[in-house]
Amino acid sequence: MYFATIIVLVNLLCGVIADEHNHIYNDGEEVVLWMNTVGPYHNRQETYAYFSLPFCVGEKRGIGHYHETLSEALQGVELEFSGYDINYKANTEPTVICMVELNDEKVKAFTYAVKNDYWYQMYIDGLPIWGKVGEKEDKKFSIYTHKRFDIGYNGQHIVDINLTTEKKELLTPGAKIKFTYEVNWKPSPVKFADRFDKYLDPNFFQHRIHWFSIFNSFMMVIFLVGLVSMILMRTLRKDYARYSKDEEMDDMERDLGDEYGWKQVHGDVFRSPSHALFFSALVGTGYQLTSVVLAVIIFAILGELYTERGSLLSTAIFVYAATSPINGYFGGSLYARLGGKVWIRQMLASAFLVPVFVCGTAFFINFIAIYYHASRAIPFGTMVAVTCICIFVILPLTLVGTVVGRNLDGQPDYPCRVNAVPRPIPEKRWFMEPGIIILLGGVLPFGSIFIEMYFIFTSFWAYKIYYVYGFMLLVFCILMIVTVCVTIVCTYFLLNAEDYRWQWTSFLSAASTSLYVYAYSFYYFFFKTKMYGLFQTAFYFGYMALFSGALGIICGTVGYIGTTVFVRKIYSNVKID
Ligand SMILES: *[C@@H]1O[C@H](CO)[C@@H](O)[C@H](O)[C@H]1NC(C)=O
């Protein structure tokens with residue numbers, strides 16, 4: 001049954017490959033111009049269907065066999081046939097497509113669009129084309145009425161398209177506007193495989209700053225790893241020396257001696273953290289998200305995913321569903337080791353933590369999108385599809401993972417026994433309080449990624465196509481190493497202050513990176529973009545919160561894993577009397 005569901009899922013997600021043409025054309029064959037969306041230039045996500053503006057459709061009819069894939073529906077792709085008659089390698093002289101008679105209402109709609117720098121997007125053979133709706137010159141608004149397509153072909157492939165918009169007409173009520181177009185075909189030396197290269201921006205993404213920041217973070221890693229190992233080696237050796245000397249001391253000396261530090265809490269250090277259910281759900285989710293990020297980055301490196309509409313999102317959804325057992329396994333086994341009893345509730349929390357937050361945010365933004373009639377409004381069928389994926393794919397796979405995890409890896413095997421009575425936590429200096437450690441923990445990890453964040457944000461919120469996934473992979477690895485180092489140091493300080501609540505502290509001190517990322521997104525919004533309007537603002541801050549949250553869960557989990565290894569190591573080596 002699972003198998004069938006997965007096949008349906010794959011078909012749903014990869015429909016685009018089966019449905020789109022094979023990109024091969026014969027002379028004179030019909031070439032379809034799809035109208036996609038129109039919207040303000042500065043608000044990339046605020047898009048509307050092209051024909052929501054009173055443009056007119058050409059005479060040619062009857063092609064609409066296109067059907068959307070899931071990820072396209074989620075991304076607000078809304079292709080409609082333009083009615084333009086374009087044939088492969090057949091030039092078209094300037095031709096009238098249709099006429100619009102402007103009344104007050106239409107003038108108002110077009111004026112609003114021109115005033116707000118609306119531009120539209122179209123597709124030919126999967127290649128995006130952009131054009132401006134109109135132009136404003138000292139309070140006069142005019143609209144472009146002529147579209148010239150220069151299409152470059154190479155053999156049987158379309159490899160290059162330039163759109164030129166010409167012939168401004170003033171927007172005045174009563175005017176009759178003729179929309180015209182022409183098509184010129186030219187041979188082009190561009191290879192089919194390279195046809196997306198002109199949309200990439202190497203000057204931006206391979207800028208010196210980018211290289212420099214990677215180099216910088218790399219130096220930080222070397223420095224941190226060196227520092228951590230040096231401090232820990234020294235301190236641990238001293239501690240071991242002191243503790244082993246203990247055995248030779250008599251009782252009197254031992255009582256008066258400076259017995260303090262992490263060894264004191266050996267009877268509590270493996271005590272289960274509070275809210276074990278929520279904690280293991282977070283850690284399980286963190287394992288899953290980390291594998292999703294790694295898998296998607298690697299797919300993106302191998303597969304040039306930016307050349308297919310929506311394929312990155314499809315891959316992410318597919319990988320997320322497929323990695324659900326990871327979530328169940330690690331969350332479930334951790335919960336069992338922590339002595340949790342209500343494992344079904346834990347599994348549900350694990351399985352639905354991310355879907356609930358993502359769908360909740362999307363639902364909220366959907367309300368605004370529907371109010372705006374934006375093309376981002378998610379259709380009902382798509383919502384049903386997503387719910388089905390959650391219930392019929394993610395949930396059962398998580399269940400399988402949980403059962404396997406509880407049985408294979410559910411027995412606690414701590415190096416120290418846990419005392420029956422918890423030890424009181426002594427007073428300590430203010431900067432040793434978990435809250436302060438947590439806040440400071442995120443600074444260095446954030447420092448190692450914030451330049452990369454700039455590039456990622458710019459590719460999502462502005463019109464750059466992110467393609468340097470190798471950089472991303474490198475930065476991700478650097479982030480993981482920095483996070484682990486910083487978390488270990490934080491935990492060491494905490495344990496030395498005889499505070500044994502290290503599980504949550506290690507998780508949160510790594511996860512606090514996301515606070516800084518979210519704060520940075522505010523800076524980015526106000527100083528690097530010109531977004532405006534309720535819809536775009538809600539969209540920005542909603543999805544940025546999700547992004548930061550997911551990053552926090554990933555960092556928290558990685559920090560916690562690293563610290564667990566560290567804590568087991570130091571406590572398995574102490575001799576306990
Ligand atoms: C499109 O424009 C670019 C840059 O102006 C030019 O190099 C290219 O030849 C044009 N392509 C076609 C098909 O006209």
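Note that ligands are numbered from 1 as they come in the structure, with each ligand's atoms numbered from 1 the same way.
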- Item | Cation-pi geometry met for Lys528 and Phe457 (6.0 Å, 45°) | no
- Message: Can you tell me which residue among Glu135, Glu137, His146 is in a side-chain hydrogen bond (donor to acceptor under 3.5 Å, both in side chains) with Lys168?
- Response: Glu137
- Pairs satisfying ring pair (Phe, Tyr, Trp, His ring centres under 6.0 Å), at least one member in residues 363-386, at least two apart: Phe363-Phe367, Tyr372-Phe535
- Task: Hey, could you give me each pair passing ring pair (Phe, Tyr, Trp, His ring centres under 6.0 Å) that has a residue in residues 149-174? Not counting sequence neighbours.
- Result: His157-Phe192
Which N or O atoms of ligand 1 sit under 3.5 Å from a protein N or O, and how far apart is each pair?
| from | atom 1 | to | atom 2 | distance (Å) |
| --- | --- | --- | --- | --- |
| ligand 1 | 2 (O) | Asn162 | OD1 | 3.4 |
| ligand 1 | 2 (O) | Asn162 | ND2 | 2.2 |
| ligand 1 | 11 (N) | Asp160 | OD2 | 2.9 |
| ligand 1 | 11 (N) | Asn162 | ND2 | 2.9 |
| ligand 1 | 14 (O) | Lys186 | NZ | 3.3 |

- Note on the structure: Those residues at least two apart in sequence (or on a different chain) that pass disulfide (SG to SG under 2.5 Å) with Cys477 are none
- Item | Between His210 and Glu452, a side-chain donor and acceptor under 3.5 Å | yes
